[in-house]
Amino acid sequence: MLQYLLRRLMLMTLTLFGVSIAIFLLLRIAPGNIADILFDSAGMVDPVEKQEMIRQLGLDLPLWAQYVHWMSGLFHGDFGYSYVSEKPVLEEVLPRIPITARLAGLALTFAVCTGVPFGVISAVRQNSWIDYLLRVFSLVALSMPAFWLGLLVLMAFVNWAGILPIYDENPKTWTAAALMYLVPAMTVGSRSSALIMRLTRSSMLETLRQDYVRTARSKGLSEIAVTFVHALRNAVLPVITTIGIETAFLFGGLVVTETVYNIPGVARFLVEAIRWRDYPMVQNLVMFIAVVVVTVNLIVDMAYSFVDPRIRLRS
Amino acid sequence: MKSSRFVMAVACLLGLSSAAFAQKQGGTLRVTHRDNPPSASIWEEATISTDMPFMSVFNNLVVFDPKSPVDRLDRVVPELATSWAWSDNDTTLTFNLRHGVTWHDGKPFTSADVKCTWDMVTGVTPGKLRKNPRKTWWFNIKDIVTDGDDKVIFHLKDPQPSIMAMFAGGFSPVYPCHVPANEMRTHPIGTGPFMFESFKQNESIRLVRNPHYWKKGQPYLDAIEFTIIPNRSTMMLAMATGKFDLTFSGELTPELTKTLQAQVPQIQCVMQPTGTQGNLLVNREKPPFDNPLIRKAMGLALDRKAFSDILSRGVFQPGGANMPPPEGFWGWSKEFMETVPGYSADVEKSREQARQIMKSLGYGPDNPLKVTVSTRNIPSYRDATVIFIDHLKTIYIQGEMEPLDAAVWYARLARKDFTVGMNVQGTGIDDPDVQFFENYLCGSQRNYTSYCNADLEKLFHQQSRMKDIDARRKLVWEIDKRLQEDGARPVMYHEKDGTCWWPRVHGLEMAANSIYNHWRFDTVWLDQ
């Protein structure tokens with residue numbers, strides 16, 4: 001088990017190194033830099049002023065020197081300064097992480113808490129009206145783009161309840177505080193929920209036909225015990241994999257949801273930073289997200305071995 | 001019809017300012033903001049995104065009279081200067097400064113701050129500003145001298161009455177000498193009615209009341225909060241539900257303004273020219289566009305009414321380089337405009353003329369001239385480009401749009417790395433000096449097409465020296481006509497957009513001909 005963990009940690013390090021190279025190069029390949037964008041807001045470009053700005057920001061250094069500078073800073077806990085706000089990257093990013101983490105956590109919880117039970121119900125009641133209903137809902141949720149769903153939900157709240165559940169730094173009531181996270185979390189989590197539901201359903205249908213399930217039933221176990229202890233536990237493995245993958249995908253949905261609900265989280269901030277070619281900000285944020293994603297994947301892999309002892313024993 | 005609309009708009013604006021009798025103290029004005037301002041330093045930016053939220057942190061030497069609904073040279077009133085005087089030969093301008101004014105950090109404001117500010121922007125003390133977009137405005141300043149703490153003297157190379165308009169614009173605040181320029185980008189310090197509290201990137205800007213403001217009893221508000229909402233739909237919903245008191249200046253298109261007012265009839269809105277115009281950039285160094293005949297034909301192909309109708313349901317106005325009347329003071333009259341080639345109401349006739357030119361150059365329906373039309377990849381640019389390409393088709397020019405990211409657009413313009421471009425650009429003040437010197441002067445940084453006409457440049461300077469406003473306006477019209485005839489940068493339309501607020505907001509003082517100069521917020525109060 002320890003060997004397995006060590007192997008995974010080594011792979012994690014290699015992955016993160018690869019990500020750092022990729023993001024560093026991709027940012028430099030993209031046309032334009034921060035100097036171009038800053039002059040855009042001034043509506044002019046003075047070549048002398050621009051050159052001076054490029055020099056001050058160290059963008060005139062060779063690529064390898066810029067990479068080494070970034071990496072050595074990273075290892076020393078120096079994340080650099082934002083080119084736009086001229087504040088330390090950490091100062092800009094740290095207050096936004098809890099906001100996005102809360103939103104992502106809630107979205108994932110919503111996705112799992114609705115996707116798994118609905119998937120089970122849909123499988124157990126195969127071809128009944130509730131199965132059809134849930135399948136239609138899941139298809140709708142999978143097909144609807146997050147920005148459109150987000151706007152529809154906002155309009156529905158405005159029209160029916162007269163409130164707008166967008167982000168408010170100081171919400172006046174606890175309901176406002178709850179809504180400003182719950183509504184966007186449900187919006188962004190709806191796609192994952194639908195995916196998890198469909199996967200759980202198909203996986204459950206396959207498992208419910210297995211001999212050991214029939215044996216469990218013939219032993220006289222209750223339907224609940226058969227479904228949740230014997231069938232679901234075996235059917236849940238691909239679902240766990242999907243949850244791991246969805247964590248990474250969730251970030252894409254968060255960009256849109258944070259924009260529509262005006263949430264000052266990391267996802268929207270990252271897109272803005274890319275637009276500004278704010279290299280220190282983008283590089284460090286992408287690295288942070290990469291760390292989160294590979295860690296979640298590691299946790300998922302570890303969870304496999306707990307759910308399925310065969311993996312543990314094999315390794 | 002247009003005049004009556006203008007009268008109504010002016011009456012509406014006057015109504016806003018005349019409500020200044022039972023002002024209530026306190027409250028936070030909540031304003032939407034369209035995007036993240038590039039910095040808080042007004043001198044380093046040329047965008048309303050910086051100007052509107054941070055203008056109230058500062059004061060100018062003089063301002064356009066907030067009570068006047070039109071920003072004009074003859075409506076300039078004192079602010080940090082208590083009075084000013086011109087020398088007999090009109091080349092020395094002396095400002096007497098206000099006593100007892102302090103910066104937000106408690107240090108006294110003196111004439112040294114004024115000198116420092118303009119030495120910085122004229123380049124006498126270089127390297128302080130990271131960008132200096134309005135350096136050309138001050139080309140005529142020879143030197144600045146202080147006389148004690150309360151007097152500052154500007155020596156000009158030539159008489160220039162319009163320099164007062166530039167001093168009065170929202171983009172010309174006085175900066176403190178003792179605060180480094182980089183700090184002004186992140187934590188501005190001024191003498192204005194509101195003090196900077198926070199600027200959270202992509203989130204919000206918060207200003208709080210300056211308790212030591214030199215205008216006793218003002219400002220009325222405790223704070224102003226700008227929330228950055230890049231998504232227009234969310235902003236509209238937030239405004240409609242009353243989460244905000246005021247929309248960002250000129251943020252609502254004519255269509256959106258109507259929609260918002262239809263949804264919430266009590267919301268009040270005003271349509272103002274944004275000082276931005278859509279214009280055509282033709283690289284006159286790249287063949288075949290080095291041929292003035294082709295440039296002329298392109299200008300003749302434009303149907304300006306179509307731009308206005310399609311983009312704004314007829315709200316945008318046609319005009320030359322200067323903002324057209326009734327809001328604009330220096331733009332052509334309708335009668336004069338009819339005499340300018342390409343501005344005739346008979347578009348088909350102009351296009352026939354253009355087709356003849358193209359045929360004489362060997363182009364025709366079977367042999368169209370193929371051209372790439374570069375533009376910024378944002379809706380206001382793209383939409384106009386599509387219409388423009390459609391117009392080009394009528395004169396045997398086959399255009400293909402090249403949408404460019406913001407990071408590339410100005411860099412390409414600066415390198416002159418384009419053939420034909422569709423551009424939207426703004427100017428802060430309705431004044432010919434600003435317009436001509438910024439955009440059409442040989443070698444100016446914003447002269448993207450490298451247009452250079454020595455004869456016309458003499459006329460730029462001649463009109464700049466003129467004191468007689470009517471005579472100057474006549475000359476300005478002629479210059480503007482020559483610019484359009486030369487195809488220097490054919491203007492397609494002048495934009496107008498909406499700003500809306502809830503009736504609880506009082507004391508807003510806005511001008512009919514600029515969105516840049518009236519955001520001091522010191523007379524604004526909330527009835528709640």
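It should be emphasised that the depicted structure is a prediction, and the values quoted were computed from it without experimental measurement.
- Taking chain B as the reference chain and counting heavy-atom pairs below 4.5 Å, the highest number among A:E49, A:E169, A:M53, A:M155 is found for A:E49.
- Using cut-offs of 30° and 60° for the angle between ring planes, the B:W409 and B:Y381 rings count as perpendicular.
- The pair B:R134-B:E438 does not meet the salt-bridge criterion, since no charged nitrogen lies less than 4.0 angstrom from a carboxylate oxygen.
- Only the side chain of B:R376 comes within contact range of chain A, judged by heavy atoms closer than 4.5 Å.
- Taking OG from B:S233 and CG from B:L256, the interatomic distance works out to 8.0 Å, rounded to the nearest 0.5 Å.
- Residue contact with chain A, scored on non-hydrogen atoms closer than 4.5 Å, involves the side chain of B:T227 exclusively.
- With hydrogens and angles disregarded, no donor-acceptor distance shorter than 3.5 Å links the side chain of B:T449 to the backbone of B:L281.
- Contacts with chain A were tallied for B:I228, B:N182, B:T50; B:I228 has the most, counting heavy-atom pairs under 4.5 Å.
- With respect to B:R412 and B:E402, a salt bridge is recorded, a charged nitrogen being found less than 4.0 Å from a carboxylate O.
- Contacts of B:Q425 with chain A are absent, with no heavy-atom separation under 4.5 Å from either backbone or side chain.
- For chain A, the nearby part of B:T241 is the side chain; its heavy atoms alone come within less than 4.5 Å.
- Below 4.5 Å, heavy atoms of chain B meet no heavy atom from residues 63-70 of chain A.
- For the atom pair B:M55 CE and B:L207 CG, the distance stands at 13.0 Å (nearest 0.5 Å).
- Annotation for A:Y81: atom OH does not count as buried by contact number, only 12 or fewer foreign heavy atoms lying within 6.0 Å.
- For B:N36 (side chain) and B:N202 (main-chain N/O), a donor-acceptor pair under 3.5 Å exists by modelled atom type.
- Cation-pi geometry between A:R96 and A:F269 is satisfied (NZ or CZ under 6.0 Å from the ring centre, within 45° of the ring normal).
- Only the backbone of A:Y83 has a heavy atom closer than 4.5 Å to any heavy atom of chain B.
- For B:F199, the part lying under 4.5 angstrom from a heavy atom of chain A is the backbone only.
- Across A:G162, A:G32, A:S85, the residue that shares the most heavy-atom pairs under 4.5 angstrom with chain B is A:S85.
- Within the 3.5 Å criterion, the main-chain N or O of A:Y167 finds no donor-acceptor partner in the side chain of A:N262.
- There is no contact between B:D35 and chain A, counting heavy-atom distances below 4.5 Å.
- Nearest approach of A:I166 to B:A238, heavy atoms of both residues: CD1-CB, 4.1 Å.
- Of residues 103-111 of chain A, no residue lies under 4.5 Å from chain B by any heavy-atom pair.
- No part of A:E52 comes within reach of chain B, as not one of its non-hydrogen atoms sits under 4.5 angstrom from that chain.
- In this structure, the side chain of A:R277 engages the main chain of A:I274 through a donor-acceptor pair within 3.5 Å.
- At least one side-chain heavy atom of B:D51 sits less than 4.5 Å from a side-chain heavy atom of B:F171.
- A donor-acceptor pair is defined here as one N or O able to donate and one able to accept, closer than 3.5 Å; no such pair exists between the side chain of B:T276 and the backbone of B:E495.
- Seen from the ring of B:Y451, B:R489 does not count as a face-on cation partner, given the 6.0 Å and 45° thresholds.
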